[in-house]
Amino acid sequence: MRIAIIGSGYVGLVSGVCLAEIGHHVVCVDNNPDKIRTLKKGKLPIYEPGLLELMKANVAKKRLSFTGSIGEATEKSQVIFLAVPTPPKANGDADLTYIENVARQIAQHMDSYKLIVEKSTVPAETGKKIRRTIHLNLPKKYKSGNKILLDFDVASNPEFLKEGSAVHDFMNPDRVVIGVESKKAEQLLKEIYKPLKAKVLVTNIASAEMIKHASNSFLAAKISFINAVAQICDRVGADVLKVAEGMGLDKRIGRQFLDAGVGYGGSCFPKDVDAFIRVGEKSGYEFALLREVRRINEAQRHWFVRHIEEKLWNIKDKMIGVWGLAFKPNTDDIRSAAALEIIQLLQAEGARIRAYDPKAMDNARKVLSRNTVFCDSPYAVAEGCDCLLLLTEWPEFADIDFVQIRDAMSQTVIFDGRNFLDGTALRDLGFEYFGVGRGKSL
Ligand code: NAD
Ligand code: UGA
C-alpha cells in the first residue's frame with residue numbers, strides 16, 4: 001500500500017516507520033525543514049528506543065522516505081494519515097487548526113481516490129469537519145454544482161502507543177480501532193494492519209474518536225484515583241504499593257496505571273482530559289468526574305512541594321537535586337512533565353536546583369530558568385544537596401551507589417516521587433526517605 005503520514009513527530013514517525021516495516025511504502029511529511037533534513041541524514045529528531053534501527057533498515061529497503069511537501073506525498077499515496085499536533089487552546093478545546101490546514105492542502109492536491117485518516121487525537125465530529133473541508137477545497141475541475149466528481153473517504157484510526165515503548169506498542173496493539181463510513185475505507189485499513197494480526201474493531205467515525213478520548217481519560221482517572229488513595233494511605237499508615245497490588249489482583253481492576261506519584265504529565269493525558277471535558281460541555285453534559293481527575297492531578301504536585309517544605313523547614317536557598325526531567329522514562333519528551341512543574345514551584349520559593357536526566361536535558365534547558373544547574377550524572381547532582389527528588393523512574397536510578405550519594409550530600413533526605421527506590425535500604429544507610437502514600441512506616 002502507498003501511504004503518506006503528515007506530521008513526523010512521536011506518533012507520525014513511529015507509525016510511518018512501523019508501517020514501512022510491515023511492508024508498505026511510506027512517505028513521512030513534516031513542515032519543519034530541520035526535521036526533514038535530520039531524517040534525510042538518517043538521524044532522529046526525537047529519542048524513542050528501537051526507532052532509529054528500524055528507520056534506517058526501511059530507508060535502505062526503499063520503503064521509507066521523507067519530504068516537506070504535502071502535495072508530493074498526496075499525489076504519491078492512496079492512504080494519508082494525519083499525525084499533526086492537536087494542542088490545547090486556552091479554554092481546553094483541542095486546537096484543530098493544524099488538522100484543517102493539512103486537510104485543505106491535501107484537498108488541493110487530490111487527483112484520484114484518497115482515504116484520509118485521522119491518527120491525531122481529535123474530538124468527536126472532527127471527521128465530519130475534515131470531510132467538509134476537503135469538499136470545499138477540491139480543485140474546481142472535480143466539482144459540478146454541489147456534486148463532487150472525485151471519490152474520497154475520511155476515517156478515524158486513533159493511536160494508542162505510549163512514548164518510551166512506542167515501537168513495541170505499535171507492532172503489538174491490544175486493538176486496532178477503525179472508524180469508517182464506507183466498505184472501501186474499512187477494507188483498505190484492514191489490509192494495512194493485516195500483518196499485525198491484531199484484534200480490529202470497526203465502528204463509525206464518531207465512536208472511534210470517542211474511544212480514544214474515553215480511553216486516555218479513563219487511564220488518567222485511574223492514576224488520579226490511586227493518587228487520592230495514596231493521600232489517605234499517608235494519613236492512616238497504609239502502604240499504597242500494597243493497596244495497588246491488592247486492588248490490581250482483581251482482574252476487573254488490573255494493576256496497570258495504579259502507580260501513585262507526582263501525577264500524570266506528557267503531551268496527551270493533560271490535554272486530552274481537558275478536551276474531553278469540553279466535548280462533554282459542548283454536547284450539554286458536565287463531566288464533573290473528569291474535572292476532579294484533573295484537580296487531583298494538579299493538587300498532587302502542590303502537595304509534593306508542601307511536603308518537601310515541611311521536611312526541609314525552609315525552601316529558600318536550599319540546594320535541591322532532581323533526578324529525572326522527562327514526563328516518563330525512556331523518552332526525551334518534557335511536555336507537561338511533573339518534574340518541570342515541581343522545579344518551577346520550588347524555584348519560585350527560592351530553591352537552587354541541580355538536575356540530571358539521561359535524555360531530556362537538551363529539551364529541559366530550553367524551558368527551565370538559567371539558575372538551574374544541569375549535571376552530567378546523578379552523582380554530580382548530589383554534590384552539596386540538602387535533599388534529592390526522584391521525579392522520573394529511569395532504570396539507571398535503580399543501580400546507584402547510595403553510599404557515594406550519601407557522602408556527597410549536605411543533608412541526606414530523599415523524596416521519591418515515583419515510589420521507585422528501596423526506602424528500607426536507604427533508611428538503613430542513614431537517609432531520611434519519603435515516598436508517596438507509603439504510610440508512616442516508609
Ligand atoms: P509532535 O508534536 O511530536 O509531532 C507533530 C509533528 O507535526 C511535528 O513534527 C510538526 O512539525 C508536524 N506538523 C505540524 N504542522 C504540520 C503541517 N502543516 N504539515 C506537516 N507537518 C506538520 O506530536 P505527537 O506527539 O506526535 O502527537 C500528534 C498527535 O497524535 C496528537 O494529536 C496527539 O494527541 C496524538 N497522539 C500522541 C501520542 C504520543 O504518545 N505522543 C500517542 C497517541 C496519539
Ligand atoms: C498515553 C497512553 O498510555 C497511550 O495509550 C496514548 O496513546 C498516549 O497517552 C497518547 O494518547 O498520547 P504516554 O503519555 O506516552 O501514553 O505515557 P503513559 O505511560 O501513559 O504515561 C503518562 C503519564 O502518566 C506519565 O507522566 C506517567 O508517569 C504517568 N503515570 C502512568 C502515572 O503517574 N502512574 C501510572 O500508573 C502510569
Side-chain angles (χ1 to χ4, degrees), residues 4-16 28-36 38-39 45-46 48 67-71 73 81-88 94-106 118-123 126 157-166 169-170 173-174 212-213 215-220 222-227 230 240 244 248 254-273 275 297 300 324 326-339 341 391-393 417-420 436:
I5 313 268
I6 318 291
S8 304
Y10 287 91
V11 165
L13 199 53
V14 171
S15 305
C28 287
V29 185
D30 208 283
N31 68 347
N32 177 338
D34 287 343
K35 273 198 181 178
I36 293 299
T38 305
L39 290 165
I46 55 168
E48 184 59 46
T67 176
S69 163
I70 290 185
F81 285 88
L82 311 188
V84 289
T86 49
D95 177 353
L96 299 174
T97 50
Y98 298 82
I99 298 275
E100 183 188 352
N101 179 321
V102 168
R104 285 180 87 137
Q105 292 187 59
I106 292 171
E118 306 164 350
K119 184 129 266 338
S120 300
T121 303
V122 292
T126 303
N157 168 226
E159 183 48 57
F160 299 100
L161 63 78
K162 302 182 292 301
E163 289 177 31
S165 55
D169 292 348
F170 190 96
D174 289 342
K212 177 62 192 177
H213 263 153
S215 301
N216 271 9
S217 294
F218 190 83
L219 291 169
K222 237 181 141 179
I223 299 170
S224 279
F225 187 89
I226 200 67
N227 279 330
V240 76
R255 174 62 182 80
Q256 292 188 61
F257 282 72
L258 285 181
D259 290 324
V262 284
Y264 60 77
S267 66
C268 292
F269 284 174
K271 88 164 164 60
D272 291 345
V273 166
N297 197 56
Q300 202 66 4
F327 83 97
K328 63 178 288 193
N330 299 316
T331 179
D332 60 349
D333 197 344
I334 54 158
R335 293 178 285 182
S336 299
E341 290 175 34
L391 298 179
T392 316
E393 66 279 33
R418 299 289 179 180
N419 289 336
F420 182 67
V436 177

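Position 1 is the first residue of the sequence; numbering continues from there. When a ligand or atom number is given, it counts from 1 through the structure's own listing order.
For ligand 2, the atoms lying closer than 4.0 Å to a non-hydrogen atom of L258 are 36 (O). Within ligand 2, the atoms closer than 4.0 Å to a non-hydrogen atom of E163 are 15 (O), numbered from 1 in the order shown. The contact set between ligand 2 and F269, taken as ligand atoms under 4.0 Å from a residue heavy atom, comprises 1 (C), 2 (C), 3 (O), 9 (O), 20 (O), 22 (C). Close approach of ligand 2 to C268 (heavy-atom distance below 4.0 Å) involves ligand atoms 9 (O), 10 (C), 11 (O), 12 (O). In the vicinity of R418, heavy-atom distances shorter than 4.0 Å reach the ligand 2 atoms 28 (O), 33 (O). Interface atoms of ligand 2 facing K328, defined by a heavy-atom separation under 4.0 Å, are 17 (O), 18 (P), 19 (O).
At a heavy-atom cutoff of 4.0 Å, ligand 2 is contacted by the side chain of I223 but not by its backbone.
Two residues are said to be in side-chain contact when any heavy atoms from C-beta on lie closer than 4.5 Å; L13 and L39 meet this criterion.
Take Y10 and apply the ring pair (Phe, Tyr, Trp, His ring centres under 6.0 Å) test, not counting sequence neighbours, and it matches no residue. With sequence neighbours left out, A275 forms a side chain to side chain contact (heavy atoms under 4.5 Å, CB included) with A94, H213. Considering only residues two or more places apart in sequence or on other chains, F327 meets the ring pair (Phe, Tyr, Trp, His ring centres under 6.0 Å) condition with none of them.
Each of I6, G7, S8, G9, Y10, V11, D30, N31, N32, K35, I70, A83, V84, P85, T86, Y98, V102, S120, T121, E159, L161, E163, K212, S267, C268, K271, R335 has a non-hydrogen atom positioned under 4.0 Å from some atom of ligand 1.
Which of E159, K271, K212 comes nearest to atom 11 (O) of ligand 2 through a heavy atom is settled by distance: it is K212.
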Between E118 and K212, does the salt bridge (charged side-chain N to carboxylate O under 4.0 Å, His left out) criterion hold? Intermediate values first, please. CA-CA 11 Å; E118 306 164 350; K212 177 62 192 177; over 6 Å; no
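The two residues A337 and A326 make their nearest non-hydrogen contact at CB-C, 4.1 Å.
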